[in-house]
Amino acid sequence: MLSSLSNLELSSNNLTGTIPASLGNLSNLSILYLHTNQLSGSIPQELGMLSSLSDLELSSNNLTGTIPASLGNLSNLSILYLHTNQLSGSIPQELGMLSSLSDLALSSNNLTGTIPASLGNLSNLSILYLHTNQLSGSIPQELGMLSSLSDLELSSNNLTGTILASLGNLSNLSILYLHTNQLSGSIPQELGMLSSLRDLELSSNNLIGSIPASLGNLSNLSNLYLAQNQLSGSIPQELGMLSSLGHLSLSLNNLTSTIPASLGNLTKLTDLRLLMNKLSGPIPIEMNNLTQLNLLQLSYNQFTGHLPENICHGGFLEKFNVENNHFIGSIPKSLRNCSSLVRVVLQRNQLTGNIGKSFGVYPHLVYMDLSYNKFYGELSTNWGQCQNLTSLKISNNDISGRISPELGEAIQLHVLNLSSNQLDGEIPKELGQLTFLIDLYLDNNKLSGHIPYNFGMLSNLERLNLARNSLSGKIPELGHCQKLWDLNLSKNNLSKYIPLQFGNFHFLQYLDLSQNFLIGEIPPQLGFLKTLESLNLSHNVLSGFVPSTFDQMLSLTSIDLSYNQLEGALPNTKAFRDAPIEAFRNNKGLCGNATGLKTCPSTVSHNHHVKKRNKVMKLILVLSGVVFLIFIVVGITSFVRSRKTKTETKPKEAELQNMFTVWSYDGKMVYENIIEATEDFDDKHCIGVGGSGIVYKAEMLTGQVVAVKKLRPFLEDGVVNLKSFTSEIRSLTEIRHRNIVRLHGFCSHPRHSLLVYEFLEGGSLEKILKSDELAIDFNWVKRVNVVKGVASALSYMHHDCSHPIIHRDISSKNVLLDSEYEAHVSDFGTARIMSSDKSFWTSFAGTFGYTAPEHAYTMEVSEKCDVYSFGVVTLEVIMGRHPGDLISSFQSTSFASLSYDVLLEDILDQRLAHPTNQVAEKVVLVAKIALACLHTSPQSRPTMQQVSQKLSNWKFPFTKPLHMITLRELIDLGNLN
């Protein structure tokens, strides 16, 4: 009935299913539009029978499989759009037979192989989109014959070889995108013959040599992007002839010499990026002609002289980055009244002038960094009127006077850094009104008086540094500062006692109270700081004993108690044993296993009777725990043996090759082998501290290297640890997934309870991100794949197991990597199998800083707790550090009204070059997913199945360049569609 149909247009609907092969029978069909749907499956080869077809558009679907070679039979076809699908395989050479074709779009797929030389036969071709695939090989010479071509986009592939000089013959070409490939060699001077060219993008390749002067002939050029190559030599003065140029990016190359004065002729220029080269000399005075500039980046060069005086004469400048140069002189007058400013980064120069008179009021300003210059004078009250200011950094200058109370009116401040100046007087209590404050650095000044009492109300504060001042009085109550992880009050005149509520700072990693006049005993509550890594209480007047609670501080790596009046035994933990004698010098009478200290007598005890009573109670608990554990293990063993009698017995040789098959073990053999391999759990074999025990590396008699987790002793917390032991066994035996660590088996002994895992040589994600050397090798592609792997593991646990499993302790410590950077989720000691207990309420489990707010406050357990933790880890992967400041913003502001205009590129790990093109798109999607997972409402977070599917489909949320995307744009009420 439809055989006479000529047009079939069903685009932009929600069509699903496959494309019917029967459409190939519509012999009169000339237009077939099925784009922008949700169609899946492959493209039917029968479509190659539509001899009258002139326009075929199947783009923006979920089509898979290969492109049918039969499409080469469509001799009348003028438009073929297959872009934005999941097509794979190579591009059929038969497409070169489509002599009438004008538009060919195969971009944003998974196509591989080389670009067919036969495409050079398409003499009528005007548009060729092959970008964002996995194409390899060189650009075919034959493309230089496409004289009708106006738009050639081959970017974001794996193309190698050189840029063809023959492309200079394409006189109609207006767009040439070759960026984000692996092209090498020099830029052909023949490109200067492309008189119609508007956009030339060659960034992110391996191009060498100089920039051809012939590019100055491109009078219609609007955008020139040559960034992230290895170009050398000077900037050609001929570029000053590009009168239509609006964007010029030459960043991240090896360019030398000075900026040519001719660039001052580019009066239409709005975006100039020259950062991270080796450019030197002063900025030409002619640059004052660039009055339309919106963005100017000169950072990380060797420029000297003064900043351009008229840099904001036109009133359009928003982003001004000149950090890490040798600029001198004062702030340009045009910058003082530049109300359009959003970001200003001037740090690490030699700029001078009275800071109180150099800056005005900036209603749109978000970020200002003036650190490491020579500014003097007193702080202006104008900063308090910058109502959108989130970061103000003026450290390492020579500013003096008092901190203006008006700063308390800049209510959006997240970061305030005034350290290393000559500020005096008291800290104004008005700073306690900055409720969004995350980082407050006032250290190394001449401040006096008391620490304002209302600092205790700064509930989002994470880093507080008031060190090296003359502050006095007692340390104020900081009870609401629950997010603090770095607190430094050292080198002041603080007195009285260490506040007991410090033990409630569950995120605290660094605490320095040294060189004050603190008295009394060390509060036992400090021992509750499970995440504390560095503790310095030296040079005070502390007395008494080191609390026994310090035995539980397994994360502690650095300790200094010197120059106090402490006495008695030190804890026998690694941090204390490895500390130098200087850490305990000049005390009343410390003893212990630390190097240089005398050994404590066996009778030494500050409360012998209490200790004896505790030992009896602990022994009872130990015996009860062991009896209960033996009962569990005997039951398990009986169950296993009954199952074994129903199956064939494996050959003994096979058993010996892997001694830790799940549920089977020889307790004595395995235990003795582990004791020998770890030298009785010597610290030198320790490779990590998990949520429920310490992990050691052990090489077994068979040569097999494994990770052994020794559960913490069943003492006061014996029941919890026993549950942790059995929970982990139970969880892992149900799990089979490539991104989940494999449990080889378990071993029980009266002294120790052990879990034996596969050993992953890459170590933890946390370790890699904390190491600058390792983090640099951990590139964006690897990071995206790690996020994808963790999502896949959690999706499996939540949705594909016979009973959903909630991990409850997803953190960077518990994501392990193998040698290929494949992610493996580990540490199931706190896992909850939902069917095992219909109650969704439990005691707290997890790692502070990663735990969902509802779990911390209500102890409610659901899959959405893991989703939240995944969001934290994902942001940590792309930021290179824990995202505490961002999370604080989300928890203190509703997503609907969030005005967080921080650029995405500014929170990315600065140790890596920013991702570009296809990789950048994936990082944008990863960031969007992470923010959706951090929604304060559990119901608004996506499921891990949705997250995993989104990461597999790679539908990108933005087409904007990375440098234009703000976090606020990425937050979409948890909606991943």
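The first residue in the sequence is number 1, and the count goes up from there. Please read all numbers here as calculations on a predicted model, not as lab measurements. We use all heavy atoms of the structure for the numbers below, so side chains are in, but hydrogens, waters and symmetry mates are not.
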Undergrad: Has Ser420 got a side-chain atom pairing as donor or acceptor with Asn396's backbone, closer than 3.5 angstrom?
TA: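 No: the side chain of Ser420 does not pair with the backbone of Asn396.
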Undergrad: Are more than 12 heavy atoms from other residues, nucleotides or ligands located less than 6.0 Å from atom NE2 of His914?
TA: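 More than 12 heavy atoms, drawn from other residues, nucleotides or ligands, come within 6.0 Å of this atom.
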Undergrad: Would you indicate whether the side-chain heavy atoms of Arg783 and Leu769 approach each other to under 4.5 Å?
TA: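 Yes, at least one pair of side-chain atoms sits under 4.5 Å.
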Undergrad: Answer yes or no: does atom CZ of Arg911 have more than 12 heavy-atom neighbours from other residues, nucleotides or ligands under 6.0 Å?
TA: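 Yes, enclosed.
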Undergrad: Between Tyr177 and Asp199, is there a side-chain donor-acceptor contact under 3.5 Å, judged purely by atom types and distance?
TA: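 Checked: Asp199/Tyr177 side chains pair up, N/O donor to acceptor below 3.5 Å.
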Undergrad: Check Ser404 against Ser380 and note the closest heavy-atom contact, atom names and distance.
TA: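 Smallest interatomic distance, heavy atoms only, reads OG-O, 3.7 Å.
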Undergrad: Quick check: do Ile331 and Leu346 have side-chain heavy atoms less than 4.5 Å from each other?
TA: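 Yes, side chains in contact.
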Undergrad: Examine distances only and state if a side-chain atom of Thr291 and a backbone atom of Gly314 form a donor-acceptor pair shorter than 3.5 Å.
TA: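 Not at all, since once roles are kept as given, no pair shorter than 3.5 Å links the two residues.
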Undergrad: So, the side chain of Asn181 versus the backbone of Asn205: is there a donor-acceptor pair under 3.5 Å, distance only?
TA: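 Checked: no pair found.
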Undergrad: Tell me if a side-chain donor or acceptor on Gln387 pairs with a main-chain N or O of Glu409 at a distance below 3.5 Å.
TA: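 Yes, because the side chain of Gln387 sits within donor-acceptor range (under 3.5 Å) of the backbone of Glu409.
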Undergrad: Report the C-alpha separation of Leu434 and Leu440 in whole Å, then their side-chain angles, then the decisive distance to 0.1 Å, and conclude whether the side chain to side chain contact (heavy atoms under 4.5 Å, CB included) test is met.
TA: CA-CA 10 Å; Leu434 301 174; Leu440 177 58; over 6 Å; no
Undergrad: How far apart are the closest heavy atoms of Leu365 and Arg343, and which atoms are they?
TA: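 Closest approach of Leu365 to Arg343: CD1-N, 4.2 Å.
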Undergrad: Is Trp780 reaching over with its side chain to a backbone N or O of Ala913, donor-acceptor style, under 3.5 angstrom?
TA: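 Yes; judged by distance alone, with no hydrogens or angles, the pair exists.
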Undergrad: Taking side chain as C-beta onward, heavy atoms only, is Asn465 less than 4.5 Å from Asp512?
TA: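 With C-beta onward as the side chain, the pair stays apart.
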Undergrad: Would you call Asn223 and Arg198 a side-chain contact if the rule is heavy atoms closer than 4.5 Å?
TA: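 Result no, sub-4.5 Å side-chain heavy-atom pair not found.
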Undergrad: For Ser234 and Ser257, test the side chains for any donor-to-acceptor distance below 3.5 angstrom and give the result as yes or no.
TA: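 Not at all, the side chains of Ser234 and Ser257 share no donor-acceptor pair under 3.5 Å.
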Undergrad: Rounded to the nearest 0.5 Å, what separates atom CG in Leu458 from atom CG in Leu431?
TA: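 The CG atom of Leu458 sits 8.5 Å away from the CG atom of Leu431.
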Undergrad: Ignoring hydrogens, what is the shortest heavy-atom contact between Cys386 and Ala410? Give both atom names and the distance.
TA: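 Shortest heavy-atom separation between Cys386 and Ala410 comes out as O-CB, 4.2 Å.
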Undergrad: Flag yes if more than 12 heavy atoms outside Ile285 fall under 6.0 Å of its CD1 atom; otherwise flag no.
TA: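 Open.
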Undergrad: Under a 3.5 Å threshold, yes or no: a donor from one side chain and an acceptor from the other, between Glu462 and Trp485?
TA: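 There is such a pair (donor and acceptor under 3.5 Å, judged by atom type) between the side chains of Glu462 and Trp485.
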Undergrad: Judged by atom type as modelled, is there a donor-acceptor pair below 3.5 Å linking the side chain of Asn779 to the main-chain atoms of Val781?
TA: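 Present.
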Undergrad: Determine whether Arg273 and Leu295 satisfy the following criterion, side chain to side chain contact (heavy atoms under 4.5 Å, CB included), listing intermediate values before the conclusion.
TA: CA-CA 8 Å; Arg273 301 165 190 251; Leu295 182 150; 3.5 Å; yes
Undergrad: Leu379 pairs by side-chain contact (heavy atoms from CB on, under 4.5 Å) with which of Asn421, Leu392, Leu418?
TA: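 Exactly one pass, corresponding to Leu418.
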Undergrad: Are His313 and Asn288 close enough that some pair of their side-chain heavy atoms sits under 4.5 Å apart?
TA: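 A side-chain contact under 4.5 Å is absent here.
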Undergrad: For the residue pair Phe320 and Leu293, establish whether any side-chain heavy-atom pair is separated by less than 4.5 Å.
TA: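 Answer no - side chains too far apart.
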Undergrad: Does any N or O in the side chain of Asn301 come within less than 3.5 Å of the main-chain N or O of Ser280, such that one atom is a donor and the other an acceptor?
TA: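 Such a contact is absent between Asn301 side chain and Ser280 backbone.
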Undergrad: Check whether any side-chain N or O of Thr390 sits under 3.5 Å from a backbone N or O of Val366 as a donor-acceptor pair, and report yes or no.
TA: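 Judged by distance alone, yes, a pair lies under 3.5 Å.
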Undergrad: Given 3.5 Å as the limit, does a donor-acceptor pair link the side chain of Ser204 with the main chain of His179, or not?
TA: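 Checked: no pair found.
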Undergrad: Walk me through it: do Leu207 and Asn253 pass the test side chain to side chain contact (heavy atoms under 4.5 Å, CB included)?
TA: CA-CA 10 Å; Leu207 301 174; Asn253 279 291; over 6 Å; no
Undergrad: If you measure only the distance, is there a donor-acceptor pair under 3.5 Å linking the side chains of Lys278 and Gln302?
TA: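 Checked: Lys278/Gln302 side chains show no N/O donor-acceptor pair below 3.5 Å.
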Undergrad: Under a plain distance cut-off of 3.5 Å, with no hydrogens placed, do Asn388 and Gln412 share a side-chain donor-acceptor pair?
TA: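 No, Asn388 and Gln412 have no side-chain donor paired with an acceptor closer than 3.5 Å.
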Undergrad: Just to verify, which of Ile451, Leu489, Asn445, Leu423 counts as forming a side-chain contact (heavy atoms from CB on, under 4.5 Å) with Asn469?
TA: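 Answer after filtering Ile451, Leu489, Asn445, Leu423: Asn445.
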Undergrad: Should the pair Lys770-Glu533 be classified as a salt bridge under the 4.0 Å nitrogen-to-oxygen rule?
TA: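 Between Glu533 and Lys770 there is a salt bridge, with a charged N closer than 4.0 Å to a carboxylate O.
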Undergrad: Go through the side-chain N and O atoms of Glu323 and Ser299 and say whether any donor and acceptor fall under 3.5 Å apart.
TA: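 Their side chains do contain a donor-acceptor pair, which is all the 3.5 Å distance test asks for.
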Undergrad: So, do Val786 and Phe778 sit near enough that their side-chain heavy atoms are less than 4.5 Å apart?
TA: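 Yes. Closest side-chain heavy atoms under 4.5 Å.
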Undergrad: Measure the acute angle between the ring planes of Phe359 and Trp383, then classify it against the limits of 30° and 60° as parallel, tilted or perpendicular.
TA: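 Rings of Phe359 and Trp383: tilted, as their planes differ by 30° to 60°.
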Undergrad: Report the C-alpha distance between Ile283 and Leu307 in whole Å, list the side-chain angles of each, state the deciding distance to 0.1 Å, and finish with yes or no for side chain to side chain contact (heavy atoms under 4.5 Å, CB included).
TA: CA-CA 7 Å; Ile283 306 300; Leu307 296 174; over 6 Å; no
Undergrad: Could you tell me if the side chain of Asn254 sits less than 4.5 Å from the side chain of Gln230, heavy atoms only?
TA: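 A side-chain contact under 4.5 Å exists here.
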Undergrad: What's the spacing between Leu416 CG and Ile438 CD1 if we round to 0.5 Å?
TA: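 One gets 12.5 Å once the value is rounded to the nearest 0.5 Å.
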Undergrad: For the side chain of Asn229 and the backbone of Leu202, is there at least one donor-acceptor N/O pair under 3.5 Å apart?
TA: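 Side chain of Asn229 to backbone of Leu202: a pair is present.
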